[in-house]
Student: 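Structure below; questions to follow.
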Amino acid sequence: MPPRPAPAETRADTAGSAGATDAPPDVAALHRTLLDWYGATARDLPWRAPSATPWGVLVSEIMLQQTPVVRVEGPWRAWLERWPTPADLAAAPTAEVLRAWGRLGYPRRALRLQQCAAAIVDRHDGVVPADESALLALPGIGSYTAAAVAAFAHGRRAVVLDTNVRRVLGRLTRGEALPRPHLTRGENAAAAALLPTDAATSARWNVAVMELGALVCTARAPRCEECPVRASCAWLAAGRPADEHADRRRTQAWNGTDRQVRGRVMAALRAADGALTREELVVAAGCGDEQALRCLASLVDDGLIGPVGEQDGSYALGG
DNA sequence: AAATCGGGGGC
DNA sequence: GCCCCAGATTT
(Lines give C-alpha, C1' and ligand atoms only; values in the text may rest on other atoms or scores of the structure.)
Protein backbone atom coordinates (compact mmCIF):
# COMPACT_ATOMS: atom_id res chain seq x y z
CA MET A 1 0.00 0.00 0.00
CA PRO A 2 1.67 3.21 -1.09
CA PRO A 3 2.02 5.30 2.01
CA ARG A 4 1.70 9.01 2.16
CA PRO A 5 3.33 11.29 1.34
CA ALA A 6 4.30 10.49 -2.14
CA PRO A 7 1.98 10.19 -4.97
CA ALA A 8 4.62 8.64 -7.09
CA GLU A 9 8.18 8.24 -6.23
CA THR A 10 10.06 11.07 -7.79
CA ARG A 11 12.68 9.76 -10.10
CA ALA A 12 14.32 13.07 -10.63
CA ASP A 13 17.36 11.95 -8.73
CA THR A 14 18.29 9.29 -11.18
CA ALA A 15 21.36 9.97 -13.20
CA GLY A 16 21.13 12.43 -15.97
CA SER A 17 17.79 13.99 -15.23
CA ALA A 18 17.61 17.64 -14.55
CA GLY A 19 16.79 18.01 -11.19
CA ALA A 20 15.29 17.22 -8.03
CA THR A 21 18.60 16.67 -6.37
CA ASP A 22 22.11 17.75 -7.05
CA ALA A 23 23.40 15.17 -4.63
CA PRO A 24 26.55 13.26 -5.47
CA PRO A 25 26.00 9.83 -7.00
CA ASP A 26 26.48 7.90 -3.75
CA VAL A 27 23.92 10.04 -1.96
CA ALA A 28 21.51 9.73 -4.86
CA ALA A 29 21.96 5.96 -4.74
CA LEU A 30 21.35 5.97 -0.99
CA HIS A 31 18.16 7.93 -1.57
CA ARG A 32 16.91 5.54 -4.19
CA THR A 33 17.78 2.44 -2.19
CA LEU A 34 15.99 3.56 0.93
CA LEU A 35 13.01 5.00 -0.92
CA ASP A 36 12.58 1.73 -2.79
CA TRP A 37 12.82 -0.20 0.45
CA TYR A 38 10.17 2.03 1.97
CA GLY A 39 7.85 1.51 -0.95
CA ALA A 40 8.13 -2.24 -0.52
CA THR A 41 8.17 -2.52 3.27
CA ALA A 42 6.34 0.36 4.90
CA ARG A 43 3.63 -0.35 7.41
CA ASP A 44 0.11 0.56 6.41
CA LEU A 45 -0.54 3.09 9.16
CA PRO A 46 -3.87 4.93 9.06
CA TRP A 47 -2.39 8.42 9.28
CA ARG A 48 -0.36 7.63 6.16
CA ALA A 49 -3.44 6.76 4.10
CA PRO A 50 -4.30 9.15 1.27
CA SER A 51 -7.58 9.83 3.04
CA ALA A 52 -5.84 11.15 6.14
CA THR A 53 -6.29 14.89 6.58
CA PRO A 54 -3.64 17.35 7.81
CA TRP A 55 -5.55 17.46 11.07
CA GLY A 56 -5.39 13.68 11.30
CA VAL A 57 -1.65 13.80 10.73
CA LEU A 58 -1.25 16.46 13.41
CA VAL A 59 -3.25 14.42 15.90
CA SER A 60 -1.14 11.36 15.15
CA GLU A 61 2.08 13.28 15.73
CA ILE A 62 0.94 14.54 19.11
CA MET A 63 -0.21 11.07 20.15
CA LEU A 64 3.07 9.59 18.97
CA GLN A 65 5.19 11.84 21.17
CA GLN A 66 6.86 9.28 23.43
CA THR A 67 4.16 6.71 22.73
CA PRO A 68 4.77 3.69 20.47
CA VAL A 69 2.84 3.31 17.21
CA VAL A 70 1.02 0.14 18.24
CA ARG A 71 -0.65 1.90 21.14
CA VAL A 72 -1.77 4.90 19.10
CA GLU A 73 -3.69 3.31 16.23
CA GLY A 74 -6.92 2.55 18.10
CA PRO A 75 -7.25 5.81 20.00
CA TRP A 76 -6.34 7.76 16.84
CA ARG A 77 -9.20 6.22 14.84
CA ALA A 78 -11.74 6.83 17.59
CA TRP A 79 -10.48 10.38 18.08
CA LEU A 80 -10.82 11.37 14.44
CA GLU A 81 -14.20 9.79 14.12
CA ARG A 82 -15.38 11.82 17.07
CA TRP A 83 -13.55 15.09 16.35
CA PRO A 84 -12.80 15.12 12.61
CA THR A 85 -11.76 18.78 12.50
CA PRO A 86 -9.93 21.24 14.77
CA ALA A 87 -13.22 23.08 15.32
CA ASP A 88 -14.84 19.89 16.60
CA LEU A 89 -12.13 19.32 19.17
CA ALA A 90 -12.02 22.96 20.18
CA ALA A 91 -15.75 22.81 20.97
CA ALA A 92 -15.60 19.59 22.98
CA PRO A 93 -15.83 19.44 26.79
CA THR A 94 -12.29 19.15 28.13
CA ALA A 95 -13.31 16.31 30.44
CA GLU A 96 -14.34 14.28 27.39
CA VAL A 97 -11.08 15.08 25.64
CA LEU A 98 -9.08 13.84 28.62
CA ARG A 99 -11.20 10.72 28.92
CA ALA A 100 -10.77 9.91 25.24
CA TRP A 101 -7.02 10.27 25.65
CA GLY A 102 -7.24 7.16 27.77
CA ARG A 103 -3.98 5.52 28.68
CA LEU A 104 -1.80 7.10 26.06
CA GLY A 105 0.18 8.78 28.80
CA TYR A 106 1.26 12.39 29.35
CA PRO A 107 -2.34 13.67 29.46
CA ARG A 108 -1.09 17.24 29.22
CA ARG A 109 -0.68 16.44 25.54
CA ALA A 110 -4.45 16.06 25.29
CA LEU A 111 -4.94 19.43 26.92
CA ARG A 112 -2.45 21.06 24.60
CA LEU A 113 -3.97 19.34 21.58
CA GLN A 114 -7.28 20.94 22.42
CA GLN A 115 -5.57 24.30 22.90
CA CYS A 116 -3.83 23.73 19.61
CA ALA A 117 -7.18 23.09 17.91
CA ALA A 118 -8.56 26.30 19.38
CA ALA A 119 -5.53 28.24 18.16
CA ILE A 120 -5.92 26.77 14.67
CA VAL A 121 -9.54 27.94 14.65
CA ASP A 122 -8.60 31.39 15.93
CA ARG A 123 -5.46 32.10 13.97
CA HIS A 124 -5.85 29.99 10.85
CA ASP A 125 -9.58 29.76 10.17
CA GLY A 126 -9.64 26.14 11.28
CA VAL A 127 -7.07 25.06 8.71
CA VAL A 128 -3.89 23.31 9.84
CA PRO A 129 -1.06 25.61 8.71
CA ALA A 130 1.65 24.32 6.39
CA ASP A 131 4.31 26.78 7.43
CA GLU A 132 6.78 25.35 9.90
CA SER A 133 7.09 28.51 11.97
CA ALA A 134 3.31 28.89 12.18
CA LEU A 135 3.09 25.29 13.38
CA LEU A 136 5.85 25.84 15.91
CA ALA A 137 3.85 28.67 17.44
CA LEU A 138 0.96 26.33 18.31
CA PRO A 139 0.55 24.74 21.77
CA GLY A 140 2.14 21.31 22.12
CA ILE A 141 4.07 21.56 18.87
CA GLY A 142 7.85 21.66 19.11
CA SER A 143 10.56 21.39 16.51
CA TYR A 144 9.99 17.76 15.67
CA THR A 145 6.22 17.96 15.34
CA ALA A 146 6.31 21.20 13.34
CA ALA A 147 8.64 19.60 10.81
CA ALA A 148 6.67 16.36 10.74
CA VAL A 149 3.33 18.07 10.07
CA ALA A 150 4.86 20.32 7.41
CA ALA A 151 6.34 17.28 5.70
CA PHE A 152 3.75 14.57 6.17
CA ALA A 153 0.55 16.60 6.11
CA HIS A 154 1.57 19.16 3.50
CA GLY A 155 4.43 17.66 1.54
CA ARG A 156 6.80 20.44 2.53
CA ARG A 157 10.55 20.05 2.64
CA ALA A 158 11.50 20.00 6.31
CA VAL A 159 14.22 18.46 8.44
CA VAL A 160 12.39 15.85 10.49
CA LEU A 161 14.49 14.66 13.40
CA ASP A 162 12.86 12.27 15.78
CA THR A 163 14.53 9.60 17.86
CA ASN A 164 14.45 7.13 14.94
CA VAL A 165 16.01 9.48 12.43
CA ARG A 166 18.66 10.58 14.90
CA ARG A 167 19.63 6.99 15.59
CA VAL A 168 19.68 5.94 11.93
CA LEU A 169 21.72 8.91 10.74
CA GLY A 170 24.05 8.67 13.72
CA ARG A 171 24.85 5.09 12.86
CA LEU A 172 24.92 5.52 9.13
CA THR A 173 27.06 8.64 8.90
CA ARG A 174 28.90 8.94 12.20
CA GLY A 175 29.17 5.34 13.31
CA GLU A 176 27.59 6.03 16.70
CA ALA A 177 25.41 3.45 18.37
CA LEU A 178 22.89 5.85 19.90
CA PRO A 179 22.26 9.58 19.75
CA ARG A 180 23.05 11.91 22.63
CA PRO A 181 20.26 12.90 24.97
CA HIS A 182 19.95 16.28 23.28
CA LEU A 183 19.83 17.22 19.63
CA THR A 184 22.97 18.93 18.36
CA ARG A 185 23.42 21.47 15.57
CA GLY A 186 25.71 19.05 13.84
CA GLU A 187 22.95 16.49 13.60
CA ASN A 188 20.62 19.06 12.17
CA ALA A 189 23.16 20.11 9.54
CA ALA A 190 23.92 16.51 8.63
CA ALA A 191 20.24 15.68 8.26
CA ALA A 192 19.64 18.80 6.18
CA ALA A 193 22.56 17.89 3.91
CA LEU A 194 21.12 14.45 3.26
CA LEU A 195 17.59 15.69 2.59
CA PRO A 196 16.53 15.37 -1.05
CA THR A 197 15.99 18.71 -2.72
CA ASP A 198 12.60 17.98 -4.20
CA ALA A 199 9.85 18.59 -1.66
CA ALA A 200 7.75 15.49 -2.29
CA THR A 201 10.82 13.27 -2.33
CA SER A 202 12.16 14.86 0.84
CA ALA A 203 8.92 14.14 2.67
CA ARG A 204 9.05 10.53 1.61
CA TRP A 205 12.72 10.34 2.56
CA ASN A 206 11.92 11.58 6.05
CA VAL A 207 9.30 8.94 6.65
CA ALA A 208 11.48 6.28 5.05
CA VAL A 209 14.36 6.98 7.43
CA MET A 210 11.94 6.94 10.34
CA GLU A 211 10.50 3.65 9.18
CA LEU A 212 13.94 2.13 8.88
CA GLY A 213 14.62 3.13 12.48
CA ALA A 214 11.33 1.65 13.64
CA LEU A 215 11.58 -1.65 11.79
CA VAL A 216 15.25 -2.43 11.19
CA CYS A 217 17.69 0.00 12.75
CA THR A 218 16.15 -0.35 16.19
CA ALA A 219 17.69 0.82 19.43
CA ARG A 220 17.88 -2.59 21.08
CA ALA A 221 18.52 -5.35 18.62
CA PRO A 222 19.08 -3.89 15.17
CA ARG A 223 18.57 -6.27 12.28
CA CYS A 224 21.53 -5.17 10.23
CA GLU A 225 21.41 -8.24 8.00
CA GLU A 226 18.04 -7.01 6.71
CA CYS A 227 19.11 -3.42 6.27
CA PRO A 228 18.85 -2.05 2.73
CA VAL A 229 21.66 0.45 3.33
CA ARG A 230 24.00 -1.77 5.35
CA ALA A 231 26.73 -1.37 2.73
CA SER A 232 26.92 2.35 3.52
CA CYS A 233 26.68 2.11 7.29
CA ALA A 234 29.61 3.53 9.26
CA TRP A 235 28.48 1.88 12.47
CA LEU A 236 28.25 -1.58 10.93
CA ALA A 237 31.58 -1.08 9.18
CA ALA A 238 33.15 -0.24 12.54
CA GLY A 239 31.86 -3.49 14.02
CA ARG A 240 28.82 -2.04 15.78
CA PRO A 241 30.68 -0.42 18.68
CA ALA A 242 28.78 0.08 21.94
CA ASP A 243 27.21 3.34 22.96
CA GLU A 244 29.86 5.81 24.11
CA HIS A 245 27.69 7.70 26.52
CA ALA A 246 25.85 4.79 28.06
CA ASP A 247 26.87 5.87 31.53
CA ARG A 248 25.08 9.17 31.10
CA ARG A 249 21.73 7.58 30.52
CA ARG A 250 19.79 6.90 33.58
CA THR A 251 16.24 5.87 33.51
CA GLN A 252 13.85 7.75 35.70
CA ALA A 253 12.52 5.88 38.69
CA TRP A 254 8.86 5.02 38.60
CA ASN A 255 7.59 3.34 41.76
CA GLY A 256 6.51 5.87 44.32
CA THR A 257 6.91 8.89 42.07
CA ASP A 258 4.44 11.71 41.66
CA ARG A 259 4.09 10.64 38.06
CA GLN A 260 2.78 7.26 39.15
CA VAL A 261 0.43 8.81 41.69
CA ARG A 262 -0.87 11.39 39.23
CA GLY A 263 -1.46 8.59 36.77
CA ARG A 264 -3.56 6.70 39.29
CA VAL A 265 -5.64 9.77 40.07
CA MET A 266 -6.28 10.41 36.38
CA ALA A 267 -7.16 6.76 35.82
CA ALA A 268 -9.68 6.85 38.67
CA LEU A 269 -11.33 9.97 37.27
CA ARG A 270 -11.47 8.57 33.75
CA ALA A 271 -13.19 5.48 35.07
CA ALA A 272 -15.70 7.39 37.21
CA ASP A 273 -17.70 9.39 34.77
CA GLY A 274 -18.27 12.20 37.18
CA ALA A 275 -16.57 13.73 40.16
CA LEU A 276 -14.87 11.87 42.99
CA THR A 277 -14.42 13.09 46.53
CA ARG A 278 -11.03 14.05 47.82
CA GLU A 279 -11.12 11.03 50.11
CA GLU A 280 -11.84 8.69 47.22
CA LEU A 281 -8.99 10.20 45.25
CA VAL A 282 -6.57 9.84 48.14
CA VAL A 283 -7.44 6.16 48.28
CA ALA A 284 -7.01 5.85 44.52
CA ALA A 285 -3.65 7.58 44.79
CA GLY A 286 -2.34 4.63 46.77
CA CYS A 287 0.23 6.60 48.73
CA GLY A 288 0.52 8.77 51.80
CA ASP A 289 -1.81 11.73 52.31
CA GLU A 290 0.91 14.29 51.88
CA GLN A 291 1.97 13.03 48.47
CA ALA A 292 -1.62 12.44 47.39
CA LEU A 293 -2.65 15.99 48.22
CA ARG A 294 0.44 17.41 46.60
CA CYS A 295 -0.38 15.51 43.42
CA LEU A 296 -4.00 16.64 43.45
CA ALA A 297 -2.80 20.21 43.73
CA SER A 298 -0.37 19.80 40.86
CA LEU A 299 -3.06 18.25 38.67
CA VAL A 300 -5.33 21.21 39.41
CA ASP A 301 -2.46 23.53 38.63
CA ASP A 302 -1.94 21.80 35.29
CA GLY A 303 -5.62 22.10 34.40
CA LEU A 304 -6.01 18.33 34.24
CA ILE A 305 -8.53 18.21 37.06
CA GLY A 306 -10.69 20.80 38.78
CA PRO A 307 -12.70 21.18 41.97
CA VAL A 308 -16.43 20.62 41.62
CA GLY A 309 -19.10 22.43 43.59
CA GLU A 310 -18.75 25.07 46.25
CA GLN A 311 -17.36 22.90 48.97
CA ASP A 312 -14.11 22.20 47.16
CA GLY A 313 -14.46 18.64 48.38
CA SER A 314 -14.45 16.75 45.11
CA TYR A 315 -12.77 16.84 41.74
CA ALA A 316 -13.49 15.96 38.13
CA LEU A 317 -11.53 15.79 34.90
CA GLY A 318 -10.71 19.09 33.27
CA GLY A 319 -10.15 22.54 34.67
C1' DA B 1 21.46 22.15 30.72
C1' DA B 2 18.35 19.71 33.71
C1' DA B 3 13.88 18.31 35.50
C1' DT B 4 9.27 17.03 34.87
C1' DC B 5 5.71 14.61 32.74
C1' DG B 6 2.54 8.24 31.71
C1' DG B 7 2.23 4.02 30.54
C1' DG B 8 3.28 -0.25 28.50
C1' DG B 9 5.88 -3.82 26.19
C1' DG B 10 10.31 -6.17 24.67
C1' DC B 11 14.11 -8.34 26.12
C1' DG C 1 14.11 -5.15 36.18
C1' DC C 2 15.92 -2.17 32.73
C1' DC C 3 15.34 0.40 28.54
C1' DC C 4 12.88 2.60 25.03
C1' DC C 5 9.13 4.83 22.64
C1' DA C 6 7.28 9.78 15.73
C1' DG C 7 8.97 15.08 22.52
C1' DA C 8 7.51 19.48 24.66
C1' DT C 9 7.70 22.75 28.24
C1' DT C 10 9.40 24.93 32.23
C1' DT C 11 13.04 26.33 35.36
Side-chain angles (χ1 to χ4, degrees), chain A residues 3-5 42-43 45-48 52 56-76 98 101-113 115-116 135-153 158-168 177-184 191 203 206-215 217-223 242-243 245-270 294-295 298-299 301-304:
Chain A
R4 220 172 188 262
R43 292 168 292 180
L45 302 176
W47 45 87
R48 290 180 185 163
V57 173
L58 192 159
V59 171
S60 78
E61 294 300 341
I62 301 292
M63 289 184 170
L64 287 163
Q65 291 168 357
Q66 298 292 283
T67 304
V69 166
V70 288
R71 292 178 45 203
V72 166
E73 282 203 56
W76 181 87
L98 289 168
W101 193 255
R103 305 159 119 186
L104 287 174
Y106 294 139
R108 291 194 290 200
R109 289 183 294 167
L111 226 44
R112 294 196 181 117
L113 180 54
Q115 293 163 0
C116 179
L135 287 161
L136 199 50
L138 296 170
I141 296 190
S143 59
Y144 161 74
T145 306
V149 172
F152 305 145
V159 178
V160 177
L161 273 175
D162 76 323
T163 185
N164 287 307
V165 175
R166 294 186 62 212
R167 186 178 57 251
V168 170
L178 293 174
R180 291 178 173 72
H182 298 294
L183 186 61
T184 67
N206 280 321
V207 72
V209 177
M210 246 193 262
E211 193 75 341
L212 186 71
L215 299 182
C217 194
T218 57
R220 242 21 114 56
R223 317 164 82 174
D243 180 21
H245 351 70
D247 38 339
R248 292 190 146 211
R249 308 171 188 283
R250 59 151 190 251
T251 109
Q252 295 164 314
W254 174 247
N255 282 322
T257 60
D258 284 2
R259 297 169 73 172
Q260 183 184 41
V261 171
R262 286 164 53 106
R264 290 195 191 116
V265 170
M266 290 298 289
L269 284 171
R270 283 197 305 269
R294 178 177 71 237
C295 288
S298 75
L299 287 168
D301 204 50
D302 289 344
L304 289 167

Student: Rounded to the nearest 0.5 Å, how far does OG1 of A/T145 lie from CG of A/L135?
Tutor: 9.5 Å
Student: Under the 3.5 Å rule, do the base of B/dG6 and the side chain of A/T67 count as making a donor-acceptor pair?
Tutor: yes
Student: Considering every strand and a 4.0 Å limit on heavy-atom distances, what is the contact class for A/L45: base, sugar-phosphate, or nothing?
Tutor: base
Student: Look at the side chain of A/R71 against the base of B/dG7 and say whether a donor-acceptor pair falls under 3.5 Å; ignore hydrogens and angles.
Tutor: yes
Student: Pick base, sugar-phosphate or nothing for A/R166, based on heavy-atom distances below 4.0 Å to the nucleic acid.
Tutor: nothing
Student: Over all strands shown, is A/S143 touching base, sugar-phosphate only, or nothing at heavy-atom distances under 4.0 angstrom?
Tutor: sugar-phosphate
Student: In whole angstroms, how far is the P atom of B/dC5 from the CH2 atom of A/W254?
Tutor: 10 Å
Student: Can you tell me if the side-chain N/O atoms of A/R103 get under 4.0 Å from OP1 or OP2 in B/dG8?
Tutor: yes
Student: Please state whether the base of B/dG6 and the side chain of A/R259 form at least one donor-acceptor pair under 3.5 Å?
Tutor: yes
Student: Can you tell me how far C1' in C/dC3 sits from the matching atom in B/dG6, rounded to whole Å?
Tutor: 15 Å
Student: Distance check needed: C/dA6 C1' versus A/D162 CG, whole Å only.
Tutor: 5 Å
Student: Over how many whole Å does the gap from A/L138 atom CG to C/dA8 atom C1' extend?
Tutor: 13 Å
Student: Using a heavy-atom cut-off of under 4.0 Å over every strand shown, decide if A/A148 touches base, sugar-phosphate, or nothing.
Tutor: nothing
Student: Could you pick out which residue, A/H182 or A/Q260, lies toward the 5' side of DNA chain B when each is mapped onto its nearest nucleotide?
Tutor: A/H182
Student: Keeping A/N206 on the side-chain end and A/A158 on the backbone end, is there a donor-acceptor pair under 3.5 Å?
Tutor: yes
Student: Expressed in angstrom and rounded to an integer, what is the separation of A/I141 atom CD1 from C/dG7 atom P?
Tutor: 14 Å
Student: With a 4.0 Å cut-off on heavy atoms, is A/I62 in touch with a base, just the backbone sugar-phosphate, or nothing at all?
Tutor: nothing
Student: When we call it a touch if two heavy atoms are under 4.0 Å apart, what does A/T218 touch: a base, just sugar-phosphate, or nothing?
Tutor: nothing
Student: Once you apply a heavy-atom cut-off of 4.0 Å, does A/T163 come out as touching a base, just sugar-phosphate, or nothing?
Tutor: sugar-phosphate
Student: Just the rounded figure in Å: distance from C1' of B/dA3 to CZ of A/R262.
Tutor: 13 Å
Student: Between A/R108 and B/dT4, is there a contact of a side-chain N or O with OP1 or OP2 at under 4.0 Å?
Tutor: no
Student: Has A/R109 got a side-chain atom pairing as donor or acceptor with A/M63's backbone, closer than 3.5 angstrom?
Tutor: yes
Student: Pick base, sugar-phosphate or nothing for A/G142, based on heavy-atom distances below 4.0 Å to the nucleic acid.
Tutor: sugar-phosphate
Student: For A/R220, answer base if it contacts any base atom (sugar-phosphate contacts may also be present), sugar-phosphate if it contacts only those atoms, and nothing otherwise; contact means non-hydrogen atoms under 4.0 Å.
Tutor: base
